[in-house]
Amino acid sequence: MSEELNQILRQRQQKAADLTDLGVNIYANDFKPAESVRDLLAMAEEVTDETEPGQGPTYTIAGRIIALRKFGKASFLHIQDESGRIQIYVKRDVVGDDAYAIFKKLDIGDIAGFGGALFRTNKGELTLQADLVKPLTKSLRPLPEKFHGLTDIETRYRQRYLDLIVNPEVRETFRKRVEIIRLIRDFLTNRGFMEVETPMMQAIAGGATAKPFKTHHNALGMDLYLRIAPELYLKRLLIGGFEKVFEINRNFRNEGLSTRHNPEFTMLEFYQAFADYHDLMDLTEEMISWIASEVTGSMVVNYQGAEVDLSPPWKRYTMDEALTEVAGIAAADLADPQRVMALAEKHQIKLETEAGPGKAKTELFELLVEEKLINPTFVTSYPTEVSPLARRNEENPEVTDRFELFITGREIANAFSELNDPVDQKKRLEKQIAERGADEEIFPELDEDFIRALEYGMPPAAGQGIGIDRLVMLLTDSPSIRDVILFPHLRPEKSAGNGSR
RNA sequence: GGGUCGUUAACUCAGUCGGUAGAGUAUCUGCCUUUUAAGCAGAGAGUCGUUGGUUCGAGCCCAACACGACCCA
């Protein structure tokens, strides 16, 4: 359907022209509301059934018309601003014939300002009786239906502005997201952490194992990569003498999309000198349970029908314990590298030829244990083989002083006591690169400057990453990561503009 | 990358066996000064995702493609 043939759009444009003919600026910006809807709702107690319409103090508010019931010579409407919605009563006798003629050209979706006093209707609803009507912005497109609203998922993601206008719970989710991030800042700042910004564009995409996005700097004539992690830069700051640093920002990974993955996602990473991974488990427990109670009012949250208890202390397993207790694998099998490899084969896990028992064990864990960890669970003692940046355990160098945190079967955080031995670090990164084979996820270049920095001496430290999007999903009961990202990635639609699907 | 499901009016959805494209909301017209999913009466509104095929005839059957959702890798 072409634009000019669409009846509704045509009618709206006609009304806009009619308003212009009546001398109305349909995109005026000369009305400053003195109150918000919230301010008016706060007056509720002062307004009784006996309050005479048109009497009492007057207020001015502005917002979008979201419901409209017109009679011949009077109308009721609801407007919505950022703080809420309130009913407005417009009477021709009160505003006058000319203003009422203008008012009658307004539609659901238009933005307007109103002034007047509060009263209560026969049904007791707090209502502003307008003595002033000021059109502010003409809407040329109809809003989605009032009763069923907007439910089409694709339209909700592509036209998030519409989703936000008509679905209050969506606004609430994104308010909570902002609140969660603010609370994280408060929590860490209050503990002496310093928020920093490190490069999003990096010449060598390090700090994680993932495929990067590639871009190009024209003036320097060089390729750059969007970062897959800020880790190696934050560690440079530890070396520089900042002892507690954190960064909340986007990481980019050139991989598939799912309900748990978006190509750009928000990550908190923080590093603390003279701390180890046990300190970070304590801190994480405290931080996430506190945020949950601040945001949801409780440490017990409901996620997609499952009850999740975030009150500390949280369960702590080594990976072997988790495999034994959750997946029922005998401890003796886990102690024997050959039996571990056999178990992996039995579960049809495909491994690279270079992969050893550490990798096999981790794959078994992901397959058999991960999704069963509903309540928060720290899993420690990750194999050194799969942890190239983590410090080896003093008693058992085959594993690292590392943990991952799982809630509702999903990885929420990853942390470790940092490896600060430049010789071991260089060896492990070189080994990873040498063995990468066809694995494009491993960046083929060693970050020599990072090794050089380590050679100056990095204080013993622990560091952690927390996936903010997944944390927000948990605390807002959202089933998909796209529900907590304002503008999630979608393929371009063929033609925007006429609401086509 | 594979599988399943979906795409019909601005929105939410029906559409039987292949035989004239339907409803509610929204919109328009008339009446209506305390309504709130306002009401009553009437009207208009469609490239049935796209392209091809089968057929006398396709929203419906077949194929490819596009976009999306979910599951799997």
Side-chain angles (χ1 to χ4, degrees), chain A residues 1-16 18 47 49 51-54 65-80 85-97 100 103-110 116 118-130 139-159 162-163 165-167 211 255-261 304 347-351 363 366-367 371 440-441 479-483 488-501:
Chain A
M1 170 191 3
S2 65
E3 197 85 357
E4 52 278 11
L5 288 181
N6 185 291
Q7 177 188 235
I8 293 176
L9 298 184
R10 226 175 35 230
Q11 283 165 344
R12 290 261 172 146
Q13 281 160 6
Q14 184 57 51
K15 282 192 188 180
D18 292 347
V47 182
D49 291 345
T51 303
E52 200 64 29
I65 298 171
I66 53 161
L68 182 53
R69 297 172 289 281
K70 287 182 185 174
F71 302 87
K73 302 181 186 68
S75 302
F76 284 91
L77 59 146
H78 277 88
I79 68 161
Q80 166 176 291
R85 53 182 60 179
I86 192 167
Q87 181 166 260
I88 292 176
Y89 184 39
V90 181
K91 258 171 110 171
R92 195 179 68 174
D93 289 354
V94 173
V95 298
D97 290 356
Y100 200 73
F103 169 75
K104 277 168 78 173
K105 295 287 179 188
L106 297 186
D107 290 306
I108 292 172
D110 288 356
L118 292 171
F119 75 108
R120 284 193 185 275
T121 64
N122 291 344
K123 296 280 167 58
E125 180 165 353
L126 187 71
T127 302
L128 181 105
Q129 177 170 300
S139 166
L140 299 178
R141 291 177 180 272
L143 289 179
E145 191 222 8
K146 62 182 171 188
F147 193 52
H148 298 93
L150 178 68
T151 60
D152 182 84
I153 289 178
E154 188 176 346
T155 309
R156 286 187 45 226
Y157 293 158
R158 283 195 199 282
Q159 297 180 265
L162 270 186
D163 195 23
I165 290 170
V166 302
N167 292 323
K211 282 186 208 156
E255 292 160 18
L257 290 77
S258 78
T259 50
R260 294 176 303 282
H261 299 86
Q304 303 294 296
H347 285 96
Q348 299 175 346
I349 291 167
K350 277 179 270 172
L351 294 167
E363 296 273 339
E366 285 175 12
L367 182 69
E371 65 177 16
E440 295 170 34
E441 300 207 347
S480 168
I481 195 169
R482 296 184 195 97
D483 296 323
H489 284 281
L490 297 175
R491 284 197 167 89
E493 53 185 332
K494 252 185 284 180
S495 66
N498 58 6
S500 62
R501 297 195 172 193

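Here is how names work: the chains are called A, B, and so on, in the same order as the sequence lines, proteins then strands, and each is numbered from 1.
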K.L.:
Who pairs with A:V95 by side chain to side chain contact (heavy atoms under 4.5 Å, CB included), at least two apart in sequence or on another chain?
P.N.:
A:V90, A:A99, A:Y100, A:V133
K.L.:
Who are the ring pair (Phe, Tyr, Trp, His ring centres under 6.0 Å) partners of A:Y157, not counting sequence neighbours?
P.N.:
none
K.L.:
Taking atom C1' in both B:A14 and B:U35, compute the distance separating them and give it to the nearest angstrom.
P.N.:
31 Å
K.L.:
Give a yes or no answer on whether the side chain of A:N167 reaches the backbone of A:L150 with a donor-acceptor pair at less than 3.5 Å.
P.N.:
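Yes; judged by distance alone, with no hydrogens or angles, the pair exists.
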K.L.:
Counting any heavy atom closer than 4.0 Å, what does A:R491 reach on the DNA or RNA strands: base, sugar-phosphate only, or nothing?
P.N.:
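Answer is sugar-phosphate: A:R491 comes under 4.0 Å of backbone atoms only.
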K.L.:
From the list B:U12, B:U35, B:A26, which nucleotide is the closest neighbour of the side chain of A:I108?
P.N.:
B:A26
K.L.:
Nearest to the side chain of A:E145, which nucleotide is it out of B:U35, B:C11, B:C28?
P.N.:
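Nearest to the side chain of A:E145 among the choices is B:C11.
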K.L.:
Restricting to side chain to side chain contact (heavy atoms under 4.5 Å, CB included), what partner residues turn up for A:T121, sequence neighbours left out?
P.N.:
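Partners of A:T121 by the side chain to side chain contact (heavy atoms under 4.5 Å, CB included) criterion, ordered by chain and then number, come out as A:F76, A:Q87, A:F119, A:K123, A:E125, A:T127.
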K.L.:
Please report the distance separating the P of B:U47 from the corresponding atom of B:C40, rounded so that it comes out in whole Å.
P.N.:
30 Å
K.L.:
Considering only the C1' atoms, how many Å lie between B:G44 and B:A10, rounded to the nearest integer?
P.N.:
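Going atom to atom, C1' in each nucleotide, I get 14 Å.
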K.L.:
Please evaluate residues A:I88 and A:H78 with respect to the criterion side-chain contact (heavy atoms from CB on, under 4.5 Å), reporting the C-alpha separation (whole Å), side-chain torsions for both, the decisive distance (0.1 Å), and the verdict.
P.N.:
CA-CA 6 Å; A:I88 292 176; A:H78 277 88; over 6 Å; no
K.L.:
In this structure, how many angstroms lie between the P atom of B:A26 and the CG atom of A:L143, rounded?
P.N.:
12 Å
K.L.:
Tell me, please, which residues at least two apart from A:K91 pass salt bridge (Lys or Arg N to Asp or Glu O under 4.0 Å).
P.N.:
none
K.L.:
Taking only residues two or more places apart in sequence or in another chain, which ones pass salt bridge (Lys or Arg N to Asp or Glu O under 4.0 Å) with A:R482?
P.N.:
none
K.L.:
Determine, for nucleotides 29-34 of chain B in 5'-to-3' order, which nucleotides have protein heavy atoms under 4.0 Å from the base (write B), from only the sugar-phosphate (write S), or from neither (write -).
P.N.:
---BBB
K.L.:
Please identify each residue that fulfils salt bridge (Lys or Arg N to Asp or Glu O under 4.0 Å) with A:D97, with sequence neighbours left out.
P.N.:
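Here the qualifying residues are A:R92.
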K.L.:
Round to the nearest Å and state the distance from A:F147 atom CZ to B:A10 atom C1'.
P.N.:
19 Å
K.L.:
Within the sub-3.5 Å range, which N or O atoms of nucleotides 69-73 of chain B have a protein N or O partner, and how far apart are they?
P.N.:
from	atom 1	to	atom 2	distance (Å)
B:A69	OP1	A:R482	NH1	3.3
B:C70	OP2	A:R482	NH1	3.4

K.L.:
Check the pair A:R141 / A:L9 against side-chain contact (heavy atoms from CB on, under 4.5 Å), numbers first and verdict last.
P.N.:
CA-CA 6 Å; A:R141 291 177 180 272; A:L9 298 184; 3.8 Å; yes
K.L.:
I need the CD1-P distance between A:I66 and B:U35, as an integer number of Å.
P.N.:
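For the pair A:I66 CD1 and B:U35 P, the rounded distance is 19 Å.
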K.L.:
Would you kindly give the CG-to-P distance between A:L9 and B:G46, to the nearest whole Å?
P.N.:
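It works out to 12 Å between those atoms.
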K.L.:
Nearest-Å distance, CZ (A:R141) to P (B:U25)?
P.N.:
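Between P of B:U25 and CZ of A:R141: 24 Å.
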K.L.:
Taking B:U4 as the reference, what is the distance to B:C56 when you measure between their P atoms (whole Å, please)?
P.N.:
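Roughly 31 Å separates the two P atoms.
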K.L.:
Could you tell me which residues satisfy side chain to side chain contact (heavy atoms under 4.5 Å, CB included) with A:D93, sequence neighbours excluded, listed by chain and number?
P.N.:
none
K.L.:
Taking Watson-Crick and G-U wobble pairs with both distances under 3.5 Å, convert RNA chain B into its dot-bracket string, 5' to 3', dots for unpaired and | for cross-strand pairs.
P.N.:
(((((((..((((.....[..)))).(((((.......))))).....(((((..]....)))))))))))).
K.L.:
Given the P atoms of B:A23 and B:G53, what is the spacing between them in whole Å?
P.N.:
33 Å
K.L.:
Tell me: CD of A:Q13 to C1' of B:A10, nearest whole Å?
P.N.:
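Going from A:Q13 (CD) to B:A10 (C1'), I get 14 Å.
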K.L.:
Look at the side chain of A:Q7 and decide which nucleotide, out of B:G44, B:U35, B:A10, has an atom nearest to it.
P.N.:
B:G44
K.L.:
Can you tell me how far C1' of B:G6 sits from CG of A:D152, to the nearest Å?
P.N.:
10 Å
K.L.:
Restricting to salt bridge (Lys or Arg N to Asp or Glu O under 4.0 Å), what partner residues turn up for A:K105, sequence neighbours left out?
P.N.:
A:D18
K.L.:
RNA chain B: A:R12 or A:T151, which has the more 5' nearest nucleotide?
P.N.:
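The 5'-side residue here is A:T151.
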K.L.:
Please name all residues satisfying side chain to side chain contact (heavy atoms under 4.5 Å, CB included) with A:E145, sequence neighbours left out, ordered by chain then number.
P.N.:
A:F147, A:H148
K.L.:
Quote, to the nearest angstrom, the C1' distance that separates B:C48 from B:A43.
P.N.:
23 Å
K.L.:
Between B:A9 and B:G24, how far apart are the two P atoms, rounded to whole Å?
P.N.:
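B:A9 and B:G24 have their P atoms separated by 16 Å.
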K.L.:
Using the C1' atom in both, what is the distance from B:G52 to B:G15, to the nearest Å?
P.N.:
25 Å
K.L.:
Let's see if you can work this out: which of B:U12, B:A10, B:A45 has an atom nearest to the side-chain heavy atoms of A:H148?
P.N.:
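Selected nucleotide: B:U12.
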K.L.:
Could you tell me whether the side chain of A:Q13 reaches within less than 4.5 Å of the side chain of A:L140, counting heavy atoms only?
P.N.:
yes
K.L.:
For A:L128 and B:U35, give me the distance from atom CG to atom C1', rounded to whole Å.
P.N.:
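One finds 16 Å between C1' of B:U35 and CG of A:L128, rounded.
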K.L.:
Using a cut-off of less than 4.0 Å, is there contact between a side-chain N or O of A:N6 and OP1 or OP2 of B:A45?
P.N.:
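Checking B:A45 against A:N6, no side-chain N or O comes under 4.0 Å of OP1 or OP2.
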